[in-house]
K.L.:
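The structure that follows is given in the form of structure tokens.
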Number of protein chains: 2
Amino acid sequence: MPNPVSRPNAAIPAALRPLAREVRVAKGEWVFRKGEAVHSVFFVLDGEVRLSRFSKGGGEIALHRAGRGEFFAEAALGAARYHCNAIASRDSALLAFPAGKVRALLGTDATFAREWIALLARQLQRARARLERLALKFAAERVVHYLQTEGAGDRHEVHLQGTVKDLARELGLTHEALYRTLARLKRERVVGHEGASLFLLP
Amino acid sequence: MPNPVSRPNAAIPAALRPLAREVRVAKGEWVFRKGEAVHSVFFVLDGEVRLSRFSKGGGEIALHRAGRGEFFAEAALGAARYHCNAIASRDSALLAFPAGKVRALLGTDATFAREWIALLARQLQRARARLERLALKFAAERVVHYLQTEGAGDRHEVHLQGTVKDLARELGLTHEALYRTLARLKRERVVGHEGASLFLLP
DNA sequence: CGTCGCATTGATATCGCTCAAATCCGGTGG
DNA sequence: CCACCGGATTTGAGCGATATCAATGCGACG
């Protein structure tokens with residue numbers, strides 16, 4: 001089981017925190033299954049959860065991979081039953097928020113409702129930026145787009161959270177391709193890096 | 001200018017409709033620019049609007065393309081200024097909803113707030129499914145994933161809205177690659193098509 | 001010290017992109 | 001009515017960037 005040191009839960013609205021129940025799931029364990037009554041909305045403290053459906057042929061259709069610091073099954077709030085399966089792809093630590101209480105809070109706490117709307121809107125923007133990134137053909141373009149959309153400050157600096165392999169997955173590349181691309185971009189003075197920080201050079 | 005026949009506005013919450021003002025923009029016209037004060041949230045009746053930023057190098061970075069039946073700049077509700085540019089990529093008919101009034105409605109009308117949250121959540125789900133789709137390597141996998149996530153009914157049927165070229169863009173492929181892939185999938189009895197309808201074969 | 005996973009680089013295979021060309025179709029104007 | 005045009009559709013040939021397979025070094029951790 002992972003032991004989350006720096007908890008990435010700053011994104012959780014204050015009103016929601018008292019409702020949290022910590023859940024730990026081992027790799028391969030189910031968090032919920034398609035058709036189950038919706039009982040909770042989740043937040044990933046550490047690890048990764050895969051949301052998917054199974055096609056008639058038996059193949060798994062991935063809908064989403066929720067990593068550290070991400071909510072998942074937020075859309076389930078509006079539904080009676082989960083419409084997909086959630087399986088931990090690694091040992092993971094989650095926060096579970098009872099769906100009924102969250103729904104009630106949305107009706108009574110206007111501040112929380114606003115926060116929740118803002119949270120969804122931000123996630124939507126990020127998801128769309130990622131979409132356009134994955135539509136780019138070249139690995140170098142994706143790296144630069146990533147820095148330009150996610151980077152902070154004038155240099156578009158990004159502090160790498162996990163490993164380079166994680167970044168590769170985020171960019172839709174193999175880790176080998178990303179290593180090569182980063183090496184080339186550094187050689188060509190397009191990007192620089194200091195420790196776990198990556199940024200654009202002017 | 002397009003003349004929308006079947007208006008795809010079923011997705012618009014009832015409380016929002018009285019606020020709508022119809023706007024028509026010609027291809028290449030701006031809907032709003034980055035840095036402008038947020039005045040409206042939009043819905044595409046017909047046509048297409050491209051959301052983008054300009055990088056320091058002068059290149060245009062596309063963030064999102066909103067087509068028929070989609071809202072755009074929903075996330076701007078939480079912000080004071082637009083954080084990207086919106087340009088019509090074709091002659092388009094839009095609905096504009098004044099941001100102030102929508103914000104007010106979110107505070108006073110709990111039903112509308114719930115609808116708006118559901119709307120954002122649905123868009124988020126779709127965006128995430130698309131993300132997983134674009135991460136797939138093979139064109140055939142993307143087509144099948146598209147049908148399985150967006151298709152309706154037992155056959156996972158999809159009525160193609162625009163041209164096959166448009167679908168290719170949605171799937172992150174060139175139109176040539178998609179034509180070839182569709183031809184092969186039809187030959188191999190994986191998918192079938194009737195007119196503008198595409199579906200999975202058992 | 002052995003194991004495991006990340007980081008890094010090399011060699012080869014491959015799918016989709018690019019360029020190209022032919023056909024089809026709807027609209028437009030003479 | 002027909003010639004013309006632009007865009008979508010369809011198929012072909014070759015190239016190239018990334019995936020894949022492979023090997024090595026490295027650091028953490030029991």
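As the structure is a prediction and not an experimental result, all values here were calculated from the model. Just so it is clear: chains get the letters A, B, ... in the order the sequence lines come, proteins before strands, and each one is counted from 1.
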K.L.:
Please identify each residue that fulfils salt bridge (Lys or Arg N to Asp or Glu O under 4.0 Å) with R184(A), with sequence neighbours left out.
P.N.:
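With sequence neighbours excluded, R184(A) shows a salt bridge (Lys or Arg N to Asp or Glu O under 4.0 Å) to E188(A), given in chain and number order.
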K.L.:
Donor-acceptor check, side chain of R21(A) to backbone of L95(A), threshold 3.5 angstrom: yes or no?
P.N.:
no
K.L.:
Calculate the interatomic distance between E141(A) atom CD and dG16(D) atom P; express it in whole Å.
P.N.:
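In whole Å, dG16(D) P and E141(A) CD are 17 Å from each other.
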K.L.:
Sorted by first residue and then second, give each ring pair (Phe, Tyr, Trp, His ring centres under 6.0 Å) pair with at least one member in residues 115-145 of chain A; sequence neighbours left out.
P.N.:
F71(A)-W116(A), F112(A)-W116(A)
K.L.:
Taking only residues two or more places apart in sequence or in another chain, which ones pass salt bridge (Lys or Arg N to Asp or Glu O under 4.0 Å) with R180(A)?
P.N.:
none
K.L.:
I'd like to know if the side chain of E70(B) reaches the main chain of G67(B), judged simply by a donor and an acceptor atom lying under 3.5 Å from each other, with no hydrogens or angles considered.
P.N.:
yes
K.L.:
When you check every protein heavy atom under 4.0 Å of nucleotides 23-30 of chain D, what one-letter string (B, S, -) results, 5' to 3'?
P.N.:
--------
K.L.:
If an axis is fit to five pairs at each end of the helix from dC1(C)-dG30(D) to dG30(C)-dC1(D), what is the angle between the two, to the nearest 10°?
P.N.:
40°
K.L.:
List for me each residue that meets salt bridge (Lys or Arg N to Asp or Glu O under 4.0 Å) alongside R114(A), sequence neighbours excluded, and say none if there are none.
P.N.:
none
K.L.:
Could you pull out every donor-acceptor pair under 3.5 Å between side chains of residues 150-173 of chain B and any protein atom, sequence neighbours left out?
P.N.:
residue	atom	partner	partner atom	Å
E150(B)	OE2	R133(B)	NH2	3.3
R155(B)	NH2	E157(B)	OE1	3.4
R155(B)	NH2	E157(B)	OE2	3.4
E157(B)	OE2	S197(B)	OG	2.4
T163(B)	OG1	K165(B)	N	3.2
T163(B)	OG1	D166(B)	N	3.1
T163(B)	OG1	D166(B)	OD2	3.4
D166(B)	OD2	T163(B)	N	3.2
R169(B)	NH2	E48(B)	OE2	2.6
E170(B)	OE1	R130(B)	NH1	3.1

K.L.:
Taking S92(B) for its side chain and A88(B) for its backbone only, find out whether a donor-acceptor pair lies under 3.5 Å.
P.N.:
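No, because the side chain of S92(B) does not come within donor-acceptor range (under 3.5 Å) of the backbone of A88(B).
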K.L.:
From CG of L171(A) over to C1' of dA19(D), roughly how many Å is that when rounded to an integer?
P.N.:
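My rounded result for the distance is 16 Å.
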K.L.:
Is the backbone N or O of H64(B) less than 3.5 Å from a side-chain atom of R50(B), with the two atoms forming a donor-acceptor pair by type?
P.N.:
no
K.L.:
Quickly work out the R169(A) CZ to dC6(C) C1' distance and round it to whole Å.
P.N.:
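Rounding to the nearest Å, CZ of R169(A) and C1' of dC6(C) are 15 Å apart.
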K.L.:
Do any N or O atoms of the protein come closer than 3.5 Å to N or O atoms of nucleotides 14-16 of chain C, and which pairs are they?
P.N.:
residue	atom	partner	partner atom	Å
dG16(C)	OP1	A139(B)	N	2.2

K.L.:
Between P on dT8(C) and CG on L167(A), what's the gap in Å once rounded to a whole number?
P.N.:
12 Å
K.L.:
Got a list of side-chain donor-acceptor pairs under 3.5 Å for residues 32-42 of chain B, not counting sequence neighbours?
P.N.:
residue	atom	partner	partner atom	Å
E36(B)	OE2	R33(B)	N	3.3

K.L.:
Would K27(A) and D91(A) pass as an ion pair if we require N to O under 4.0 Å?
P.N.:
no
K.L.:
Please check if the side chain of Q125(A) supplies one atom and the backbone of R122(A) the other of a donor-acceptor pair under 3.5 Å.
P.N.:
no
K.L.:
Any N/O pairs under 3.5 Å between the protein and nucleotides 8-14 of chain D? List them or say none.
P.N.:
residue	atom	partner	partner atom	Å
dA8(D)	OP2	K165(B)	NZ	3.1
dT9(D)	OP1	V164(B)	N	3.4
dT9(D)	OP2	V164(B)	N	3.2
dT9(D)	OP2	K165(B)	N	3.3
dT9(D)	OP2	Y179(B)	OH	2.4
dT9(D)	O5'	Y179(B)	OH	2.5
dG12(D)	N7	R180(B)	NH1	2.8
dG12(D)	O6	R180(B)	NH2	3.2
dA13(D)	N6	R180(B)	NH2	3.3

K.L.:
Please name all residues satisfying side-chain contact (heavy atoms from CB on, under 4.5 Å) with L201(B), sequence neighbours left out, ordered by chain then number.
P.N.:
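Residues passing side-chain contact (heavy atoms from CB on, under 4.5 Å) with L201(B): R189(B), F199(B).
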K.L.:
Given 3.5 Å as the limit, does a donor-acceptor pair link the side chain of N85(B) with the main chain of S52(B), or not?
P.N.:
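Side chain of N85(B) to backbone of S52(B), a donor-acceptor pair under 3.5 Å: yes, one is there.
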K.L.:
Please list, in numerical order, the residues of residues 189-196 of chain B that have a heavy atom closer than 4.0 Å to any atom of DNA chain D.
P.N.:
none
K.L.:
Please determine if E74(B) and R128(A) form a salt bridge, counting it only when a charged side-chain N lies under 4.0 Å from a carboxylate O.
P.N.:
yes
